[in-house]
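Keep in mind it's a predicted model, so treat the numbers as computed, not measured.
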Amino acid sequence: MERCGGDGSWSGPRGRRRRRKRREGRDGEAGEEERQRRRLQEARADLLDSEFWDSSLKILSRSLQEVLPPRKEVSTPREEEAILALEELWLCPPAPLPGRARWRCVCYGLGNFSSCFKARFQLAFLLLLLKEFQIPEELCCIFDPAFSTLERELLGGLGFSVLLRNEEGKHPVGEPTLFYMVHCGKALYNNLLWSNWSAEALSQMVVVGNSFKGIEERVPTRIFQRDYTYIAKILAASEEEALPPHARFLEVFNDTAVHHFPWHKLREVPPETWHSQEEPAYQSEDQLEIVRNGDM
């Protein structure tokens, strides 16, 4: 006779086997998550100990320092004195100092970091960036339609804000934002620029991703001007600096550059360029390098 379960029901061999499988499944998931955390920590240590990280950090620091804080209307001396008095009385928090605006981060197209070493090192690089520039993980939105359930749970456990909706790169900014988009499709960069098509928005962005100049060189001029209009229009007003080549990380960060959009260059863009804001449409849908919302 089999023992009676805690709920008063009979527990035969088949019931025990089911419970044992559930326990093994949970233990297996926890073990795999711990293994992935350990591998990610090893990748971070490898990057942190490399000349590649030191050189890349200098490049990123230069770009982030170039980004303007959100511009505010100039107040009259009387208004400034009133605001200062209120702040001294702690009736309102002090306004952020110029250059001290809080940064946000958006990451697209990371890939399956649990099985792909390139994606794992890219995630490790992102974690180091967030720590270096004091961007909390909860202020970093992350999305890839390829993420597995385990990967989404792991990213959530690390503190990231895992997006559930495919934005297709159409993410407008309202404050300084670092976009981390290594090896993403051309349309994703083009969509991002379209959704921030103003000097005010672009001046608050830094984009880590495929070289815009490289895209121009590789894509036939006719297709580049027709399908990737916003990349084409902003090239003259952008500055980019390639991440340094490194034998160990060559496949991980090849063709990756840091882009920003200096205010003095944006001011030189003809006004009619900003007036053209048609949403991107791609004629070669079968060759599009992004996943559409309807394809998920």
Side-chain angles (χ1 to χ4, degrees), residues 5-6 11 14-50 52-53 56-57 60 103-169 171 177-185 188 208-209 243 246 248-254 256 290-291 293 295-296:
S11 178
R14 186 177 299 177
R16 288 201 302 272
R17 282 197 297 269
R18 282 198 298 267
R19 288 196 298 275
R20 185 167 60 248
K21 286 182 179 179
R22 285 197 295 269
R23 280 198 305 271
E24 290 172 353
R26 288 194 295 269
D27 292 344
E29 290 173 2
E32 178 61 18
E33 185 170 329
E34 179 58 34
R35 188 172 75 94
Q36 292 298 335
R37 286 178 177 272
R38 189 166 56 249
R39 295 170 75 182
L40 191 55
Q41 186 60 41
E42 291 169 356
R44 289 177 64 175
D46 286 349
L47 279 169
L48 198 56
D49 195 39
S50 69
F52 171 78
W53 166 250
S56 299
L57 184 57
L60 277 149
W103 278 82
R104 304 185 73 88
C105 178
V106 177
C107 173
Y108 292 131
L110 187 64
N112 295 116
F113 58 89
S114 64
S115 57
C116 175
F117 85 94
K118 290 188 284 188
R120 188 180 313 120
F121 272 94
Q122 288 166 9
L123 175 56
F125 190 94
L126 173 60
L127 287 166
L128 290 176
L129 281 184
L130 297 179
K131 182 178 180 181
E132 181 65 33
F133 296 113
Q134 299 180 4
I135 306 174
E137 281 80 2
E138 61 265 24
L139 293 184
C140 183
C141 300
I142 190 166
F143 179 82
D144 193 314
F147 283 154
S148 66
T149 301
L150 172 66
E151 289 167 336
R152 286 193 294 270
E153 291 176 351
L154 183 56
L155 290 168
L158 290 171
F160 286 98
S161 297
V162 183
L163 297 176
L164 301 179
R165 184 177 67 87
N166 183 2
E167 299 179 325
E168 298 182 2
H171 188 104
T177 304
L178 171 65
F179 285 91
Y180 188 75
M181 305 168 62
V182 180
H183 297 167
C184 285
L188 215 60
V208 180
L243 293 188
H246 191 285
R248 184 172 183 189
F249 306 115
L250 191 60
E251 292 185 13
V252 183
F253 296 102
N254 63 303
T256 300
I290 67 171
V291 176
N293 245 327
D295 297 336
M296 295 178 62

Tabulate below the donor-acceptor pairs under 3.5 Å that side-chain atoms of residues 128-145 make, not counting sequence neighbours, or state none.
| from | atom 1 | to | atom 2 | distance (Å) |
| --- | --- | --- | --- | --- |
| Asp144 | OD1 | Ala146 | N | 2.8 |
| Asp144 | OD2 | Leu110 | N | 3.1 |
| Asp144 | OD2 | Gly111 | N | 2.8 |

Say whether, by atom type as modelled, one donor and one acceptor occur between the side chain of [X] and the main chain of [Y] under 3.5 angstrom.
{"X": "Ser50", "Y": "Leu47", "answer": "yes"}
{"X": "Arg152", "Y": "Val162", "answer": "no"}
{"X": "His246", "Y": "Trp53", "answer": "no"}

Inset, instruction - Evaluate side chain to side chain contact (heavy atoms under 4.5 Å, CB included) for Val252 paired with Arg120, printing each intermediate quantity in order. - result: CA-CA 9 Å; Val252 183; Arg120 188 180 313 120; over 6 Å; no
Legend entry - Donor-acceptor side-chain pairing of Ser114 and Gln36 below 3.5 angstrom: no
Inset, instruction - Consider only side-chain N and O atoms of Gln122 and Tyr180, and report whether a donor and an acceptor are under 3.5 Å apart. - result: no
[atom1]-[atom2] distance between [X] and [Y], expressed to the nearest 0.5 angstrom:
{"X": "Leu154", "Y": "Thr149", "atom1": "CG", "atom2": "OG1", "result": "12.5 Å"}
{"X": "Arg104", "Y": "Phe179", "atom1": "CZ", "atom2": "CZ", "result": "10.5 Å"}
{"X": "Glu33", "Y": "Arg35", "atom1": "CD", "atom2": "CZ", "result": "12.0 Å"}
{"X": "Met181", "Y": "Leu188", "atom1": "CE", "atom2": "CG", "result": "4.0 Å"}
{"X": "Phe147", "Y": "Leu163", "atom1": "CZ", "atom2": "CG", "result": "9.5 Å"}

Legend entry - Flag side-chain contact, heavy atom, 4.5 Å: Thr256 against His183: yes
Inset, instruction - Check whether any side-chain heavy atom of Leu40 sits under 4.5 Å from a side-chain heavy atom of Phe113, and report yes or no. - result: no
Inset, instruction - For side chain to side chain contact (heavy atoms under 4.5 Å, CB included), just list the numbers for Val182 and Leu126, CA-CA rounded to whole Å, side-chain angles, deciding distance to a tenth of an Å, and then say yes or no. - result: CA-CA 10 Å; Val182 180; Leu126 173 60; over 6 Å; no
Inset, instruction - Run through Phe125, Phe52, Phe117 and flag the one making a ring-ring contact (aromatic ring centres under 6.0 Å, His included) with Phe249. - result: Phe52
Legend entry - Exercise: identify the closest heavy-atom pair between Cys184 and Gly109: SG-CA, 3.9 Å
Legend entry - Pair Arg39 + Glu42: basic N to acidic O under 4.0 Å: no
